[in-house]
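Letters A, B, ... are given to chains in the order of the sequence lines, protein chains preceding strands, and every chain is numbered from 1.
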Protein chains: 2
Amino acid sequence: MPEKAVSTEVREIDQPAYHHGNLRRAVMDAALQAIGESGPAGWSLRELARRAGVSHAAPAHHFGDKAGLLTAVAAEGFELFADALERASGDVYAVGVAYVRFAIDHRPYFEVMFRPDLYRADDPAMRSARERAAHVLHTTAGKLSPSPEQNRLTTIAAWSLAHGFAGLWLNGSLPESAQGDPETIARALLEFVFGPLATSTSQ
Amino acid sequence: MPEKAVSTEVREIDQPAYHHGNLRRAVMDAALQAIGESGPAGWSLRELARRAGVSHAAPAHHFGDKAGLLTAVAAEGFELFADALERASGDVYAVGVAYVRFAIDHRPYFEVMFRPDLYRADDPAMRSARERAAHVLHTTAGKLSPSPEQNRLTTIAAWSLAHGFAGLWLNGSLPESAQGDPETIARALLEFVFGPLATSTSQ
DNA sequence: CTCCAATCTTGTCAGTGGCTAGATTGAAGG
DNA sequence: CCTTCAATCTAGCCACTGACAAGATTGGAG
């Protein structure tokens, strides 16, 4: 068996790695997996380092500290989130469904993104991505009615509805009657709330 | 100055207390305050013990471990929550507003209650209180329309709306246009969504 | 007065976060 | 080829944490 390990492969055991190849991404991915398994608090930086096969202090070089890592997770999450919403931009139902779908398909991101106490909320990359997502919400939900005041309300209503349903679904708070396909239910909810506005002439 | 401290007073300094008087409640209150200051993860059991003036292992006697303490917080929170909702039972608007109001007035409880990964979700006291609260939601939102299927949707819609708005408001995600009095906005949201259904002859 | 159960303390252990200092590496430039 | 250099990672340390075990203290019941 060969003595030297190829540097691009995953660390086998023991001896120092020094140039991991792409430790930053490896730690991020390990973090996302760990969050998916036991939430944003159910793991330690050292555990991620072990998973990546590096020393306990290696992640600190890339992220500073745990808050820094979660900041990076939130920033990347909001980027993906904004992408998903933009792809549905224009249609309230599609945006709402995309919101819920993102929360469920990318649960680890979502569980961090809306918990600002976990990371550095002043991170510029994260802020710009978050604003990009918010912009989609405002422009698509905010043009359902002519009145600007109504628009603010419509936006907040759609946002709250999608956000609340996603959150309740994720933490298992909903009754068994709502345990079906979340995307279907989300669509039904949106149609229930915004149907009168968009289908008939109504207000 | 007297040598002996009165047992019912808060511990001054140093020497053992042994019978604190009501340590369980003191630790709970310290926990609620700490959660309010820095979230459910921004403190340690040992810190609570110091605040209460007892040794670092004293809280464990009453709560077992940190999850046990948070379980007690969630259980008490759901009791207060159910009480608040029951007080408004029957009126969708009142229940919705009570939901949001509770989240804001009792933020430390709320931040724990809907995060089952923080505590023991199989706790019977907590479960029964939670079901009591859920029952109010079902009975008041679920009788707005004749169809049972519509009722399920109505319930989930009202729940999601209130829950989502409360969550977004608490973590500061809402735009500046929604930074006003949350109770007023919540009422406006509920009227926007359920107005057409209930206002006709009110109820 | 004795015993007992509840309550709290002291002591201990592995694990954690964050820090500093040092080792290793690839690459750039003479 | 050799030196320098910055990026990357390791090694070691410290205060702190959660969890546990064993012992001390207390009020009250018998």
- Please name the residue in the list A:Phe78, A:Tyr109, A:Tyr119 that meets the ring-ring contact (aromatic ring centres under 6.0 Å, His included) test with A:Phe114. A:Phe78
- Just call it for B:Ala57: base, sugar-phosphate, or nothing, with non-hydrogen atoms closer than 4.0 Å on any strand. base
Between [atom2] on [N] and [atom1] on [X], what's the gap in Å once rounded to a whole number?
X       : N      : atom1 : atom2 : value
A:Phe63 : D:dT8  : CZ    : P     : 12 Å
B:Leu45 : D:dG18 : CG    : C1'   : 7 Å
B:Asn22 : D:dT26 : CG    : P     : 19 Å
A:Leu23 : C:dT25 : CG    : P     : 16 Å
B:Lys66 : D:dT17 : NZ    : P     : 10 Å
B:Arg50 : D:dC16 : CZ    : P     : 8 Å
B:Asp65 : C:dA14 : CG    : P     : 20 Å

- Presence of salt bridge, B:Arg130 and B:Asp123, under 4.0 angstrom: no
Would you indicate which nucleotide in [options] comes nearest to any side-chain atom of [X]?
X       : options                : value
A:Ala58 : C:dG17, C:dT9, D:dT10  : D:dT10
B:His61 : D:dT8, C:dA6, D:dT10   : C:dA6
B:His62 : C:dG18, D:dC20, C:dT7  : C:dT7
B:His56 : D:dA19, D:dA11, C:dT16 : D:dA19
A:Arg46 : C:dG17, D:dG18, D:dA11 : C:dG17

- Are B:Arg120 and B:Asp65 side-chain neighbours, meaning at least one heavy-atom pair lies under 4.5 Å? yes
- Do the side chains of A:Thr154 and A:Val92 get nearer than 4.5 Å, heavy atoms only? no
